[in-house]
Amino acid sequence: MPELPEVEVTRRSFADAIQGARVTGLRLGKPLRWPIGVDPETLLGSRVGSTQRRGKYLWLPLENRGGLLMHLGMSGSLAFLEATPAPGAHDHFDLHTDRGLLRLTDPRRFGAVVWAAALDAEPVATLLGGLGLEPFDERFDGLHLHAALSGRRVSIKQALLAGDIVVGAGNIYACEALFMAGIDPRLPAGKLSRPRADKLAAAVRTVLGQALEAGGTTLRDFRDAHGVAGSFQMQAQVYGREGLPCLRCATPIRRIVQGQRSTFFCPSCQKR
DNA sequence: AGGTGCACCTGATGGC
DNA sequence: TGCCATCAGGTGCACC
């Protein structure tokens, strides 16, 4: 489910409400991607700080007690609830506080909740260490993108998705950004010209920004922490539109597979 | 070092 | 209705 816009929309939907809350209990459901790595008892009584986002990860600082790194995987979502309903089959992590319950629902369990003493302490430091620039970081521009892509033989689509150059664009937004920039997703990354790198960097920011404004993309189950769905799927130009006419030129949108993931593009508007 | 494929897990959907 | 194959918003890791 969640790419950067969905994670950021989720963060904004509960960060203020949970900040300053006192942890009163933790409940672990079925195993997630990694063990939490801490005795839940040791976190009781700590205060929640200001929730941060890095890439598609969220960092929940716990005053004097390190913090929790959360990832939503493919199917995860967070809810911040006033009441404390009994956990359902896919509710695998509950953080009870005196201001409400932060609950992770994740059917596929590719998500994670991992404790660390600090953001720069293991295992979090390693998980975040390989991440590229934030798309809205002023250092992320065509110059940076072009330099980072030089010599790389993978397709530009896969290079975007890898997250080691710029974070945040997953399968939907990588496709959409490449469409916006008019770039064929199969183009070898190292062959992208400098002017087109400028265009692509701008497109990544624009697409992610538009998705953020739309409250994210809800294909089936994405909700923010108050249950509000996103609407960016209404504006998607190529993602999920195989065989339908390109909204710009009416050529049928194509679907191909790159790195075992679907890529959608317009064979006429997007050039090598 | 960069590229490739696999692994993790559950549910929805479509064809026969 | 049942069964099987395919697909899905992510990413760390082993291996070449």
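Letters A, B, ... mirror the listed sequences (proteins, then strands); counts begin at 1. Any value given below was found using the heavy atoms of this structure, including those in side chains, with hydrogens, waters and symmetry copies removed. Just so it is clear, the structure is predicted and the values come from calculations on it, not from any experiment.
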State whether the distance check finds a donor on one side and an acceptor on the other, under 3.5 Å, for side chain R261(A) versus base dA8(C).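 No, the side chain and the base share no sub-3.5 Å donor-acceptor pair.
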
P spacing across the pair dT6(C) / dC6(B), given as an integer number of angstrom: 14 Å

If you measure from the C1' atom in dG9(C) to the same atom in dT4(B), how many Å do you get, rounded?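 It works out to 22 Å between them.
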
Joint cluster assignment, I18(A) & L101(A), ILVMFWY side-chain distance < 4.5 Å: no

Count I, L, V, M, F, W, Y as connected when their side-chain heavy atoms are under 4.5 Å apart, and connections chain through other members. Are F179(A) and V207(A) then in the same cluster?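 As far as the 4.5 Å side-chain criterion goes, V207(A) and F179(A) are connected within one cluster.
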
Scan [X] against the nucleic acid and name what it touches under 4.0 Å (heavy atoms): base, sugar-phosphate only, or nothing.
X       : value
Y239(A) : sugar-phosphate
Y57(A)  : sugar-phosphate
R153(A) : sugar-phosphate
R152(A) : sugar-phosphate
R109(A) : sugar-phosphate

Stem finding on DNA chain C, please: runs of three or more consecutive Watson-Crick or G-U wobble pairs, both distances under 3.5 Å, sorted by first number.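 Output for stems: B:2-8 with C:10-16, B:10-16 with C:2-8.
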
Measure the CZ-CZ distance between R99(A) and F80(A) for me, rounded to the nearest 0.5 Å. 8.0 Å

Calculate, to the nearest 0.5 Å, the distance between atoms CD1 and CZ belonging to I256(A) and R186(A) respectively. 5.0 Å

L102(A) vs M70(A) side-chain heavy atoms within contact, under 4.5 Å: yes

Please determine which of L212(A), V204(A), T206(A) meets the side-chain contact (heavy atoms from CB on, under 4.5 Å) test together with L208(A).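 Only one of L212(A), V204(A), T206(A) forms a side-chain contact (heavy atoms from CB on, under 4.5 Å) with L208(A), namely V204(A).
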
Could you state the [atom1]-[atom2] distance from [X] to [N], rounded to the nearest angstrom?
X       : N       : atom1 : atom2 : result
L127(A) : dC13(C) : CG    : C1'   : 12 Å
L32(A)  : dT11(C) : CG    : C1'   : 15 Å
Q260(A) : dC8(B)  : CD    : P     : 14 Å
R33(A)  : dC13(C) : CZ    : P     : 8 Å
D164(A) : dT11(C) : CG    : C1'   : 12 Å
L58(A)  : dG10(C) : CG    : C1'   : 14 Å
W34(A)  : dT11(C) : CH2   : P     : 9 Å
L72(A)  : dT10(B) : CG    : P     : 18 Å

Under 4.0 Å between a side-chain N or O of [X] and OP1 or OP2 of [N]?
X       : N       : answer
H71(A)  : dG10(C) : no
H90(A)  : dG11(B) : yes
K56(A)  : dG9(C)  : no
R220(A) : dT13(B) : no

Pi stacking test for F110(A) and dC8(B): under 5.5 Å apart, planes under 30°: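 Base of dC8(B): stacked against F110(A).
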
Does dG9(C) have F222(A) stacked on its base, where the ring centres are within less than 5.5 Å and the planes differ by under 30°? no

Go nucleotide by nucleotide along DNA chain C from the 5' end; which of L131(A) and L219(A) gets its closest nucleotide reached first? L219(A)

Given dA8(C), dT11(C), dG9(C), the nucleotide with the shortest approach to the side chain of S262(A): dA8(C)

Kindly indicate, with the supporting measurements, whether the criterion side chain to side chain donor-acceptor pair (under 3.5 Å) is fulfilled by T105(A) and D91(A). CA-CA 4 Å; T105(A) 303; D91(A) 299 333; 2.6 Å; yes

Cluster membership besides L247(A), Ile/Leu/Val/Met/Phe/Trp/Tyr side chains within less than 4.5 angstrom, sorted by chain and number, is none

Quick check: on DNA chain B, is the nucleotide nearest S155(A) upstream (toward 5') of the one nearest R108(A), or the reverse? Name the residue that is more 5'.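 Between the two, 5'-proximity favours S155(A).
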
Side-chain donor-acceptor pairs under 3.5 Å in residues 164-175 of chain A, sequence neighbours left out?
{"residue": "D164(A)", "atom": "OD2", "partner": "R152(A)", "partner atom": "NH1", "Å": "3.2"}
{"residue": "N171(A)", "atom": "OD1", "partner": "K157(A)", "partner atom": "NZ", "Å": "2.8"}
{"residue": "N171(A)", "atom": "ND2", "partner": "S262(A)", "partner atom": "O", "Å": "3.0"}
{"residue": "Y173(A)", "atom": "OH", "partner": "E6(A)", "partner atom": "OE2", "Å": "2.5"}
{"residue": "Y173(A)", "atom": "OH", "partner": "T217(A)", "partner atom": "OG1", "Å": "2.6"}

